[in-house]
Amino acid sequence: MKIKVLITGGTIDKTYKELTGELSFTETHMVDMLNRGRSMADTLSEVLFLKDSLEMVDSDRGFILDKCLSCDEQNVLITHGTDTMVQTAQFLAESIKDKTVVLFGSMIPYSVDNSDALFNLGVALSAVQLKSSGVYIAMNGRVFDFDKVQKDKSLGIFIDA
């Protein structure tokens, strides 16, 4: 099974800039994450863009949707910022019926110690191989249906909606 990995940015790919104290994008960490996690899954990664999800608009979601629908793979992982991940999952679910799509991200950048990025990637990789067709979110050790999840900003985790 080949898995398409679409990279859109979010905290997972941000890097801490020591001089300014800011988080920003330089490049994706996905290949490093897959290698570090010793993944044997057959993946093909593609960077669509590197954006904070608060900056995403519907045209960005349309672009993600087009990439999901046009790829040959039936199993698709999408890196995404956590603030609007649920909104994007709902947008995709309106049109995607015959593929398994799993969105995931992290609360702490991969490049920072104690990040949840590798754990969330592992859960997402498992989910995309085991779940039936549909759109899901993999965060905090759980896999949620796109329409039964919300981000609890006060706790910094995803919970049942």
Side-chain angles (χ1 to χ4, degrees), residues 3 5-18 20-34 36-39 41 43 45 47-58 60-61 63-65 68 75-96 99-161:
I3 300 165
V5 181
L6 300 176
I7 299 159
T8 71
T11 297
I12 198 166
D13 264 331
K14 287 188 174 180
T15 303
Y16 179 70
K17 302 291 183 188
E18 291 179 20
T20 62
E22 297 175 337
L23 291 173
S24 62
F25 296 107
T26 54
E27 62 185 357
T28 184
H29 302 291
M30 184 52 56
V31 172
D32 185 50
M33 289 173 61
L34 289 165
R36 186 171 176 200
R38 304 185 74 174
S39 173
T43 59
S45 299
V47 178
L48 302 187
F49 45 77
L50 294 174
K51 277 189 174 185
D52 187 293
S53 71
L54 290 173
E55 297 174 2
M56 267 197 204
V57 294
D58 280 344
D60 296 321
R61 291 179 182 88
F63 183 55
I64 297 167
L65 175 62
C68 287
N75 304 79
V76 181
L77 282 183
I78 302 172
T79 66
H80 199 288
T82 61
D83 286 313
T84 64
M85 185 183 291
V86 173
Q87 184 180 346
T88 298
Q90 292 170 344
F91 182 93
L92 297 175
E94 292 175 10
S95 300
I96 297 174
K99 294 189 180 207
T100 303
V101 177
V102 178
L103 291 84
F104 75 101
S106 67
M107 299 300 208
I108 301 168
Y110 169 73
S111 62
V112 175
D113 286 341
N114 297 317
S115 173
D116 54 334
L118 276 179
F119 182 68
N120 291 335
L121 169 61
V123 173
L125 266 174
S126 296
V128 79
Q129 295 175 77
L130 298 173
K131 297 295 276 182
S132 59
S133 296
V135 178
Y136 305 92
I137 289 178
M139 289 292 295
N140 310 113
R142 295 188 58 199
V143 181
F144 300 91
D145 292 342
F146 75 91
D147 59 345
K148 296 178 181 147
V149 61
Q150 64 185 14
K151 180 180 177 182
D152 184 323
K153 292 182 182 182
S154 66
L155 296 176
I157 59 171
F158 281 71
I159 60 173
D160 294 312

Chemist: Extract all donor-acceptor atom pairs below 3.5 Å that involve side chains of residues 21-28 and protein atoms in other chains or at least two apart in sequence.
Modeler:
residue: T28; atom: OG1; partner: D13; partner atom: OD1; Å: 3.3
residue: T28; atom: OG1; partner: D13; partner atom: OD2; Å: 2.9
residue: T28; atom: OG1; partner: M30; partner atom: N; Å: 3.2

Chemist: With sequence neighbours left out, what residues match T8 under side-chain contact (heavy atoms from CB on, under 4.5 Å)?
Modeler: L48, F49, M56, I64, I78, T79, H80
Chemist: Test of understanding: with salt bridge (Lys or Arg N to Asp or Glu O under 4.0 Å), list the residues that count as partners of D152, not counting sequence neighbours.
Modeler: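 Not a single residue meets the salt bridge (Lys or Arg N to Asp or Glu O under 4.0 Å) criterion with D152.
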Chemist: Under 4.5 Å between any side-chain heavy atoms of F104 and L77, yes or no?
Modeler: yes
Chemist: Taking only residues two or more places apart in sequence or in another chain, which ones pass side-chain contact (heavy atoms from CB on, under 4.5 Å) with D83?
Modeler: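 Per chain and number, D83 pairs via side-chain contact (heavy atoms from CB on, under 4.5 Å) with S53, L54, K151, K153.
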Chemist: How many angstroms lie between atom CG of D145 and atom NZ of K148, to the nearest 0.5 angstrom?
Modeler: 4.5 Å
Chemist: Kindly indicate, with the supporting measurements, whether the criterion side chain to side chain contact (heavy atoms under 4.5 Å, CB included) is fulfilled by I12 and M33.
Modeler: CA-CA 10 Å; I12 198 166; M33 289 173 61; 3.7 Å; yes
Chemist: If you look only at distance, which donor and acceptor atoms sit under 3.5 Å apart when one is on a side chain in residues 132-141 and the other is two or more places apart or in another chain?
Modeler:
residue: Y136; atom: OH; partner: S132; partner atom: O; Å: 3.1
residue: N140; atom: OD1; partner: F158; partner atom: N; Å: 2.8

Chemist: What closest approach, in Å, do S45 and I7 show between heavy atoms, and which atom pair accounts for it?
Modeler: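 In terms of heavy atoms, the two residues are closest at CB-CD1, 4.1 Å.
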Chemist: Can you pull the side-chain hydrogen bond (donor to acceptor under 3.5 Å, both in side chains) pairs that have at least one residue in residues 109-121, sequence neighbours excluded?
Modeler: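 Every pair satisfying side-chain hydrogen bond (donor to acceptor under 3.5 Å, both in side chains) with a residue in residues 109-121: D32-Y110, D116-N120.
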Chemist: Using side-chain heavy atoms (C-beta onward) and a distance below 4.5 Å, is E94 in contact with L65?
Modeler: no
Chemist: At their closest point, which heavy atom of G37 faces which heavy atom of L118, and how far apart are they?
Modeler: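 In terms of heavy atoms, the two residues are closest at N-CD2, 4.4 Å.
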Chemist: Would you please name every residue forming a salt bridge (Lys or Arg N to Asp or Glu O under 4.0 Å) with D58, sequence neighbours left out?
Modeler: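 Per chain and number, D58 pairs via salt bridge (Lys or Arg N to Asp or Glu O under 4.0 Å) with R61.
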Chemist: How would you list, by chain and number, every residue that makes a side-chain contact (heavy atoms from CB on, under 4.5 Å) with A41, sequence neighbours excluded?
Modeler: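 Applying side-chain contact (heavy atoms from CB on, under 4.5 Å) to A41 gives I3, S39, T43, L125, Q129.
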Chemist: With sequence neighbours excluded, tell me which residues meet salt bridge (Lys or Arg N to Asp or Glu O under 4.0 Å) with K131.
Modeler: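 For K131 there are no salt bridge (Lys or Arg N to Asp or Glu O under 4.0 Å) partners, ignoring immediate neighbours.
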Chemist: Just one of I96, V5, L103, L6 clears the side-chain contact (heavy atoms from CB on, under 4.5 Å) bar with V76, so which one?
Modeler: L6
Chemist: I'd like to check the side-chain contact (heavy atoms from CB on, under 4.5 Å) partners of V31; sequence neighbours left out, ordered by chain and number.
Modeler: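 Per chain and number, V31 pairs via side-chain contact (heavy atoms from CB on, under 4.5 Å) with N35.
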Chemist: I'd like to check the side chain to side chain donor-acceptor pair (under 3.5 Å) partners of R142; sequence neighbours left out, ordered by chain and number.
Modeler: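 By the side chain to side chain donor-acceptor pair (under 3.5 Å) rule, R142 matches D160.
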Chemist: Which pair of non-hydrogen atoms, one from S106 and one from T82, has the smallest distance, and what is that distance?
Modeler: O-CG2, 3.7 Å
Chemist: Give, for atom CG of D60 and atom OG1 of T88, the distance between the pair rounded to the nearest 0.5 Å.
Modeler: 8.5 Å
